[in-house]
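What follows is a set of notes on a single structure, which appears directly below.
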Amino acid sequence: MSGRFLIEGSEDARVTILLAHGAGAPMDSASMTAAAKALLAKGFRLARFEFDYMAARRTSGDRKPPPRAETLNPAYKAAVAELGAKGPLIIGGKSMGGRVASMVADELYSEGRIAGLLCLGYPFHPPGKPEQLRTQHLQGLKTPALICQGTRDEFGTREEVPGYDLSGSIEILWLEDGDHDLKPRKKISGFSTADHLATMAEAVLAWTARLKL
């Protein structure tokens, strides 16, 4: 832990990835820790941080609902500034964390402060409400982006997402039978969570190799 950040990996890593958590679980949740471990194995430097409402839960136990995602945009930009990554920086996160990152990405990308956007389980719509899309800002996204999505993610399935109007800068990695945490049912898919996270990390490595860093 370094101040407000949980930082892992070599300072000499070519690329740093900054990840924010989802709406209901902290930066050191089992899901985020497993994803971070897979990315660390590919040589990335990982930094995780929490929005204030989540950090407050550690001391106050206050379980009030998270604020609206867009109100967290300033906090994400502040985290980028505070982290002060020396080399190429990819921003993103799990679910809501990735959504917030996606809303500030173009501003930071145009300023040369980030090289790309990584979303682990993007919340395209609330579960059971496919008409409430959260994709308008993704239509004109200029930042190179990689979304890693389970095919049965209730926030956006493989049947739904191809019909959305998304920017050509967005690539999507589909993980067979994965849920919102990218976890598959092994008896059905033949894959384990570890398999999918390894595939995710390998895809991120290949994707960053194609970026202009």
Side-chain angles (χ1 to χ4, degrees), residues 1-11 13-51 53-55 57-58 66 69 72 76 79 83 85 89-102 116-124 127 145-158 161 171-209:
M1 189 79 74
S2 175
R4 66 181 296 201
F5 297 100
L6 176 56
I7 299 177
E8 300 170 286
S10 172
E11 292 186 4
R14 180 167 177 258
V15 177
T16 297
I17 301 176
L18 176 63
L19 297 176
H21 55 85
M27 64 180 176
D28 55 356
S29 68
S31 175
M32 285 202 71
T33 298
K37 183 178 179 180
L39 291 165
L40 286 166
K42 294 299 180 182
F44 294 104
R45 187 172 189 238
L46 266 289
R48 288 177 268 170
F49 78 99
E50 289 179 344
F51 297 112
Y53 82 89
M54 183 61 72
R57 290 183 181 183
R58 294 183 182 271
L72 298 172
Y76 205 117
L83 180 64
L89 176 66
I90 303 295
I91 64 168
K94 165 123 178 51
S95 192
M96 185 194 73
R99 182 185 175 201
V100 176
S102 73
L117 168 70
L118 173 64
C119 298
L120 304 177
Y122 187 84
F124 288 98
L146 176 63
I147 296 176
C148 301
Q149 196 84 355
T151 62
R152 63 183 177 94
D153 188 334
E154 61 183 353
F155 289 79
T157 67
R158 183 163 53 186
V161 176
E171 297 181 32
I172 299 180
L173 170 69
W174 288 106
L175 295 164
E176 188 62 38
D177 197 57
D179 63 10
H180 196 48
D181 287 332
L182 309 181
K183 293 181 179 180
R185 297 165 294 186
K186 189 168 186 178
K187 289 184 178 180
I188 293 176
S189 68
F191 296 103
S192 68
T193 301
D195 291 334
H196 275 358
L197 291 179
T199 298
M200 175 275 293
E202 185 63 38
V204 174
L205 183 63
W207 170 68
T208 56

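We use all heavy atoms of the structure for the numbers below, so side chains are in, but hydrogens, waters and symmetry mates are not.
- Considering K186, R152, R158, R185 as possible partners of E176, the one that fulfils the salt bridge (Lys or Arg N to Asp or Glu O under 4.0 Å) test is R158.
- Side-chain atoms of S102 come within 3.5 Å of backbone atoms of R99 as a donor-acceptor pair (strictly under, hydrogens ignored).
- D177 contributes no side-chain N or O that, together with a main-chain N or O of S189, makes up a donor-acceptor pair within less than 3.5 Å.
- Closest non-hydrogen pair, P123 versus S95, comes out as CD-O, 3.4 Å.
- Considering all non-hydrogen atoms of both residues, P26 and R58 come closest at CB-NH2, 3.5 Å.
- What you find for Y53 and A23 is that their closest heavy atoms are OH-O, 2.7 Å.
- In this structure, OG1 in T193 is found 8.5 Å from CG in D181, a value given to the nearest 0.5 Å.
- Considering all non-hydrogen atoms of both residues, C148 and L182 come closest at O-CD2, 3.5 Å.
- Checking side-chain atoms of Q149 against main-chain N and O of G156 turns up a donor-acceptor pair under 3.5 Å.
- Of the inter-residue distances, the one linking Y76 atom OH with L18 atom CG reads 4.0 Å to the nearest 0.5 angstrom.
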ask   = Can you check side chain to side chain contact (heavy atoms under 4.5 Å, CB included) on R48 and H21, steps first, answer last?
value = CA-CA 8 Å; R48 288 177 268 170; H21 55 85; over 6 Å; no
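- Of the possible polar contacts, none joining the T157 side chain to the D153 backbone as a donor-acceptor pair under 3.5 Å is found.
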